[in-house]
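Read through the structure below, which is laid out as structure tokens, and then see the notes.
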Amino acid sequence: MTVVTRFAPSPTGLLHVGGVRTALFSWLYARRMGGKFILRVEDTDRERSTEEAVRVILDGMDWLGLAADEGPYYQTRRFDRYKEVLAGMLAAGTAYHCYCTKQELDALREQQIARKEKPRYTGICRERREPRPGVSPVIRFRNPIEGAVVVHDLVHGDVTFQNTELDDLIIARSDGTPTYNFCVVVDDMDMGVTHVIRGDDHLNNTPRQMNMLQALGTAPPVYAHVPMILGPDGAKLSKRHGAVSVLQYEEEGFLPDALLNYLVRLGWSHGDQEVFTRQEMIAAFDIHDVNKAASAFNPEKLLWLNQQHLMRAEPAAVVPYLRAQLRRIGCESSDQALLEGVIVAQRERAKTLKEMAHNSRFFFVDRIDIDPKAAAKHLTADGRAALTQVRARLAALPAWDAPSIHSALNALAEAAGTGLGKIAQPLRVAVTGTAVSPPIDQTLALLGRERALARLDAVLAVS
RNA sequence: GCUCCCUUCGUCUAGAGGCCCAGGACAUAGCCCUCUCAAGGCUGUAACACGGGUUCGAAUCCCGUAGGGAGCGCCA
């Protein structure tokens, strides 16, 4: 039997890291098992579903590289199928019309809560034969009254629910549209889903779904309820930290592989390994190894991992991402060699591509602004004197590459009897505008002789 | 309130009875390296929620307690 997993987000909120992680687990498991991964948009709540949320799901999955083998399917386009199943259940008696009004149900619920009971539908319409005039009925599933349901969960082990705890849930609204718990069951059945991997907030829904599956004469899939992701403060994920659209991470300058790597390590591990390529993740991942406890999202570790990926990635593969970030700050460049050189020079001092772009601006603009504080500290009389010598020396250099520049500067420092720092810092400020940059020889080599000398001249001109 | 789930350093985790006076990683502190900033290396601080059992022996098994979470919708 080939494995079929699915990711079934609801477009009622923006896709965030929590959703991405369950998507990742499903995707990884399918890839690992040589199975199929399906994307299905659960948009039966027409009131709250938005176009934008659908967009974020599609674009987000695309950016992350979590390609679906099938889909995206949309539940709103499957209403005919749901109607058909509903009719069959009504005919078979596994579902029935309920004519209780919302008001009556609310009143019932309030009474139960007042009596400190678990609010539940008591089955008033279970045996009703005649319609009630003026009320358009909902359809309820006739849940078994006796016995228990055991969920054989891959993460939690066996979890038992008594049927007496489960009431007859509504599977179709009074306007005829089907509800979530019912649609999932039909879809997973129709699409041949073998492994349902989802957040453990769904664990409580599972016994009902299994009962429905049984009523439909289908064996249940394997379930794996993965723990949720908490905010850095241990509280529920909220807008303030992680609950932003995943595309926010693209904007912030994260590599998709780094985000995925971070997320896969939340609730899962493989020995002491922290950094995983996509292929390594696929090879090592197993849903059986996923933890039960929720974990807190730690932005600092994400940052660290992003840099690790930046440092290990093929520079050419990073170029498109850096270009996108440069474009955001008004810099355009198609100089592949320069872009790759900048990536190699900057990646060990930037945690994100956004940061890298900001720190590298001076490579891509014609005129730089010089930070006054850096100038005051390093472009002193002594500093300028040194720069005059540096300028002459560099201008006369036969080859313009990092080793040549390095030895030239070293020779100068030695001759002056000072450390290299006395020369490098003024030089750095003059050509980059700040006191921080990659090693000065590399910086100059990448910048090119022409621009380097021009910037020196500009500094030396104002005295 | 009821049902279900969860509980190892600040955080992510290793650990499936002796290998653990608990290992790795992020963060943090110190040192080294050094042209700046980093990266890197070394060292340090830091955890088995609590209480009972079972056992020669428990982070690991059992039972309670506490704390946290989820569900109980004509939301998904």
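This one's a predicted model, so the numbers in the text were calculated from it and none came from an experiment. Chain naming here is simple, since letters A, B, ... match the order of the sequence lines and numbering starts at 1 in each.
With rounding to whole Å, A:Ile113 atom CD1 is found 15 Å from B:G71 atom P. Taking atom OH of A:Tyr180 as the reference point, atom C1' of B:G71 lies 12 Å away to the nearest angstrom. Distance A:Phe276 CZ to B:C12 C1': 12 Å, rounded to the nearest Å. Nucleotide B:A76 holds its P atom 7 Å from the CZ atom of A:Arg48, rounded to whole Å. Straight-line distance from the CG atom of A:Asp272 to the P atom of B:G15: 10 Å, rounded to whole Å. Regarding A:Leu305, its CG atom lies at a distance of 9 Å from the P atom of B:C26, rounded to whole Å. Put simply, NZ on A:Lys373 is 15 Å from C1' on B:U36, counting in whole angstrom units. Atom CE of A:Met210 and atom C1' of B:C4 are 15 Å apart (whole Å).
Among the heavy atoms of the strands lying under 4.0 Å from A:Ser174 is at least one base atom, whether or not backbone atoms are also near. If you check every strand for non-hydrogen atoms under 4.0 Å, A:Lys102 touches a base. Within 4.0 Å (heavy atoms only), A:Ala296 reaches sugar-phosphate atoms of the nucleic acid but no base atom. Contacts of A:Asn291 with the nucleic acid, taken as non-hydrogen atoms under 4.0 Å apart, involve only primed sugar atoms and P, OP1 or OP2. Contact annotation for A:Asp175: no contact, since no heavy-atom pair falls under 4.0 Å across all strands. Across all strands shown, A:Asn410 has no heavy atoms under 4.0 Å from either base or sugar-phosphate atoms. At a threshold of 4.0 angstrom between heavy atoms, the contacts of A:Lys116 are confined to the sugar-phosphate backbone, with no base atom among them.
Under the stacking criterion of a centre-to-centre distance below 5.5 angstrom and an interplanar angle below 30°, A:His225 is not stacked against the six-membered ring of B:A70.
Remark: the A:Ser437 side chain and the B:C37 base include no donor-acceptor N/O pair separated by less than 3.5 Å. Side-chain atoms of A:Glu274 come within donor-acceptor range of the base of B:G24, with a qualifying N/O pair under 3.5 Å. For B:A70, the base has a donor-acceptor partner in the side chain of A:Asn204 [N/O atoms by modelled type, under 3.5 angstrom].
Between A:His202 and A:Tyr180, the gap from one ring centroid to the other is short of 6.0 Å. Aromatic rings of A:Trp304 and A:Tyr262 (six-membered ring for Trp) have centroids beyond the 6.0 Å cut-off, not under it. The aromatic ring centres of A:Tyr223 and A:His152 sit 6.0 Å or more apart.
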Candidate pair A:Tyr249 and A:Asn306, rule side-chain hydrogen bond (donor to acceptor under 3.5 Å, both in side chains), full reasoning: CA-CA 11 Å; A:Tyr249 291 90; A:Asn306 197 49; over 6 Å; no

Verify salt bridge (charged side-chain N to carboxylate O under 4.0 Å, His left out) between A:Arg109 and A:Asp106, making sure each step is shown before the conclusion. CA-CA 5 Å; A:Arg109 204 181 345 263; A:Asp106 286 345; 3.1 Å; yes

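The side chain of A:Arg428 sits closest to B:U36 out of B:U13, B:U36, B:A76. Candidate nucleotides B:C74, B:A39, B:C72 were compared by shortest atom distance to the side chain of A:Gln308, and B:A39 ranks first.
Annotation: cation-pi pair A:Arg140/A:Tyr121 present, NZ/CZ under 6.0 Å from the ring centroid and within 45° of its normal.
Heavy-atom distances under 4.0 Å link RNA chain B to A:His156, A:Val159, A:Thr160, A:Phe161, A:Glu165 of residues 156-166 of chain A, given in residue order.
Between A:Asp289 and A:Leu203, the residue whose closest nucleotide on RNA chain B is further toward the 5' end is A:Leu203. Along RNA chain B, the nucleotide nearest A:Pro9 and the nucleotide nearest A:Tyr262 are compared for position; the residue whose nucleotide lies closer to the 5' end is A:Tyr262.
Checking the phosphate oxygens (OP1, OP2) of B:U13, a side-chain nitrogen or oxygen of A:Ser295 falls inside 4.0 Å.
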